[in-house]
Amino acid sequence: MIGAGLTIVGLLLVLSLAAAVLPNGPKSPVVVYGASTALCSVLATIGFAVLAASADPVGLILPIGLPWLGAHFRIDGLSAFFLLLLGIGGAAASLYAIGYGRHEHEPHRTLPFYPGFLGAMAVVILSDDAFTFLLSWEVMSLLSWALVLTHHRAEDTRQAGYLYLVMAGFGTMVLLLAFGLMAGSGGSYDFAAIRETGRNEMLAAAVLMLMLLGAGSKAGLMPMHVWLPVAHPAAPSHVSALMSGVMTKVAIYGFVRVVFDLLGPLPWWASPVVIVAGALTAVIGILFAINDGDGKRVLAWSTIENVGIIFAGLGLAVAFRANAMPGLAALAMTAALIHAMNHMLFKSLLFMVAGAVLNATGRRDLDALGGLIHRMPVTAALALVGVTAISALPPLNGFVSEWLMFQSVLQSPQLAQPGLQFLVPAAGGVLALTAALAATAFVRFFGVIFLGRARSDPAAAASEVDRWSLGAMAGLAALCILAGVLPGLLIDFVGPAVEIASGDRLVSQTSNAWFTLVPLPQIDSSYSGFLVMAFVAIVGGGAAWTVHRIASRGVRRGPAWDCGFPNADPITQYGAGSFAQPIRRSFGPVVAARETVFMPPPGDPSAARHAASTTDLAWRHLYTPLIALVGALATRANSLQFLTIRRYLSLVFGTLILLLVGLATWN
Amino acid sequence: MPDLAFDIAHMLAGSLVLVSFMMIYQDRLSALLNTFALQALLLAAAVGWQAYIQGASHLYASAGIALVFKAIIVPWALHKMIQRLGIHREVETVVGVVPTMLAGMGLVALSILLMLQLTETAESALAREDLAFSLSVILLGMLMMVTRRNAVSQVVGFMSLENGLILATTGAQGMPFVVEISVAFSVLIAMIVIGVFLFRIRERFDSVDTEAIEHFRGEKRS
């Protein structure tokens with residue numbers, strides 16, 4: 001299995017090289033994306049097979065990389081699960097790109113990096129030593145950076161790319177420190193040796209914090225999220241789907257692998273940091289999603305929200321594991337991992353929808369869209385599945401993972417520490433608020449784009465996208481429904497991964513009647529997506545049938561109710577800003593909202609203007625002061641370049657004396 | 001008898017430090033070079049004495065190198081140089097003599113404190129004392145480099161620093177001869193290179209005062 005996986009990775013890298021070296025014809029996007037689709041499907045199959053067979057971990061050492069270390073690879077339940085996630089996400093995005101890529105003006109800016117990016121993510125998941133892990137992590141960052149810069153002629157994109165590069169460099173540096181700490185002074189860098197090394201609680205907690213910074217900066221955890229809402233949307237939509245859907249999950253894989261597998265026991269007091277960071281990321285992320293006027297940026301902010309939810313689940317797992325409750329830790333871990341899978345499914349789907357809308361209309365700003373349900377009925381139906389899933393409404397898959405998450409939150413009274421007993425329900429409350437706000441955000445997203453009337457000419461003239469794109473979106477939507485209706489299968493599937501990460505797994509769910517979930521048999525709480533789906537189908541279908549049968553078969557189109565305000569201008573519709581206003585007013589300080597109204601003086605016939613803006617407080621209170629500090633220090637240090645030889649010598653001499661004095665006093 | 005050997009080695013190493021202090025307050029270049037020659041002479045004697053008490057014949061070669069190159073050739077070459085440059089009567093210091101001497105005493109105290117502390121486990125008292133003295137000589141050489149502005153005296157400071165290194169290497173038993181040779185030759189080459197540079201600097205700026213380079217770069221900051 002591991003050999004097959006690495007062969008696929010090798011083929012993806014060769015494909016990248018071929019796309020870079022061979023001349024680009026009109027057919028080359030189809031070839032590259034088609035081959036990527038096939039290879040990713042194989043990756044998914046490998047992950048599926050390992051999980052289905054609950055196969056033992058298989059390792060492989062290749063004589064490449066550092067001469068004394070080699071390159072270690074290994075596939076176990078955890079990596080198989082994420083390989084499955086990567087395979088599905090990659091295959092869907094590649095399939096979508098066969099159609100979507102035709103509209104790219106400069107395909108040669110995407111093609112050479114795209115398969116390599118997929119391959120690098122697979123290597124991160126398969127690697128079994130720190131060197132291979134960090135190297136492939138960095139390759140993944142660099143290739144995705146190149147993909148973000150596809151539309152490099154736009155100033156915004158270049159700034160986004162620069163920000164991304166800086167944050168990625170920071171993240172890798174922090175990871176390097178984390179692995180250095182874990183390996184210790186005499187340690188080895190292969191994961192098996194790291195797993196064996198014993199370390200005290202303080203060191204383990206320090207590594208946890210570093211991983212939170214390093215993997216969190218790639219996943220979009222606050223306050224390291226600043227690059228994500230600008231960089232993810234700047235890429236072409238299939239790449240955005242990959243970055244949001246898959247790459248953030250690769251970062252989460254890194255976190256889970258290190259913190260839950262390699263690191264060993266963690267003290268309980270390390271868990272509140274993860275829980276609080278996750279919950280705050282979730283709620284602040286979704287507040288920004290509600291307030292953003294750009295369709296793809298809304299999705300990127302929502303990625304931050306979902307990453308926050310996943311990290312909150314991981315924090316719960318840390319807390320339960322530190323209290324020696326492996327069963328409950330397995331519940332929280334199952335929730336987090338399944339949410340990672342679900343988020344990949346619906347976020348990729350929604351980014352593809354945003355890409356389809358972008359292709360059909362050329363517009364990303366929500367206030368230029370509207371009424372697309374008439375022009376793009378299939379996309380609209382698929383988008384409806386996506387927004388229902390991401391809003392965590394039953395019977396779709398988003399509900400399942402959030403339900404599991406709340407089940408584990410509800411078990412918090414069993415924790416031994418009073419602090420956690422108070423904190424976890426509070427975090428649960430924040431997560432519940434997040435879920436409600438997410439529904440708001442996606443009602444707004446769907447409503448403004450697809451309902452109402454077109455707010456611009458391109459939106460009025462839009463047409464349905466090609467079959468490849470629709471096929472990819474339909475596949476993801478079908479998986480969303482499947483994972484929602486038959487969640488027990490997915491939970492059993494993720495079992496081997498959960499067992500590696502938390503030491504236990506949930507009881508098998510497939511034998512329950514009516515595909516019901518009973519995560520903890522000793523506690524009587526259950527949910528059956530199948531029954532809810534059946535109820536919805538029967539009631540909804542029956543109602544529609546009854547209405548059409550008894551009332552009338554015909555479809556009538558009449559004028560919409562105009563609220564007694566007969567102005568036909570589409571601009572008077574309830575828009576993106578209007579949907580956001582109540583939330584922006586209620587949560588003003590969190591998003592630093594400002595509204596300014598400009599009223600022309602009496603006698604001036606010009607129009608009144610209203611402007612609303614939000615500011616990321618991380619920029620105001622963290623990054624701007626940090627950048628100013630770095631600038632000031634650099635200016636100070638600048639004068640060091642213009643000293644005489646004697647002064648340089650004095651500096652060296654002074655440093656030496658200082659060190660010697662330090663040595664003398666230290667002893 | 002071993003006590004006498006120890007005392008003599010101690011005295012020679014101590015007088016190296018003493019001569020380092022003498023170098024610090026020599027403000028005329030030719031006097032400085034003479035003092036440097038005296039230090040090299042003492043170094044040759046110290047190394048020779050080490051060779052005798054350790055019974056290590058290769059150390060005699062080290063002593064010979066120190067005597068020929070550092071006590072005779074280098075001072076002679078530098079004398080020639082400063083006469084050609086016409087600066088043999090020049091007086092120059094950046095920092096006054098008294099503060100420099102005080103700083104030097106502080107450095108010696110520091111190095112003795114440090115070395116006696118760090119080498120408590122070392123087997124021979126002689127090696128410990130030697131290391132403390134040689135660190136003092138090294139630090140005093142560096143102090144000289146930073147308190148002088150004339151390039152020639154900076155060179156002398158550097159070579160005096162190197163004397164300290166030689167003292168340390170010979171004091172530690174079992175130091176391979178090749179290390180000493182390479183140290184000695186690299187210093188010689190450094191002297192040649194610096195000498196060539198001195199003339200180039202002189203041609204350009206009519207001075208070997210390194211502050212002049214500052215003027216030339218237009219970045220004079222007092």
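In what follows, every chain begins at residue 1, and chains take the letters A, B, ... in the order their sequences are listed. Worth knowing before you read on, the calculation uses all heavy atoms, side chains too, and leaves out hydrogens, waters and symmetry mates.
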Enquirer: Assess whether atom OH of A:Tyr623 is packed by more than 12 heavy atoms of other residues, nucleotides or ligands within 6.0 Å.
Expert: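 For A:Tyr623, atom OH is crowded (more than 12 foreign heavy atoms under 6.0 Å).
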Enquirer: Within the supplied structure, the quantity of interest is the number of heavy atoms (other residues, nucleotides, ligands) at a distance under 6.0 Å from B:Met101 CE; does it exceed 12?
Expert: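 Counting other residues, nucleotides and ligands, CE of B:Met101 exceeds 12 neighbours.
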Enquirer: Counting only heavy atoms not in B:Trp76, do more than 12 sit closer than 6.0 Å to its CH2 atom?
Expert: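 Incorrect, the count does not exceed 12.
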Enquirer: Using non-hydrogen atoms only, which part of B:Leu107 is less than 4.5 Å away from chain A: side chain, backbone, both, or neither?
Expert: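 Contact with chain A is through the side chain of B:Leu107 alone.
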Enquirer: State the CE-CG distance between B:Met144 and A:Leu649, to the nearest 0.5 angstrom.
Expert: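 If I round to the nearest 0.5 Å, the distance is 12.5 Å.
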Enquirer: Contact between A:Val652 and B:Val146 at the side-chain level, heavy atoms closer than 4.5 Å - yes or no?
Expert: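 No; the side chains remain at least 4.5 Å from each other.
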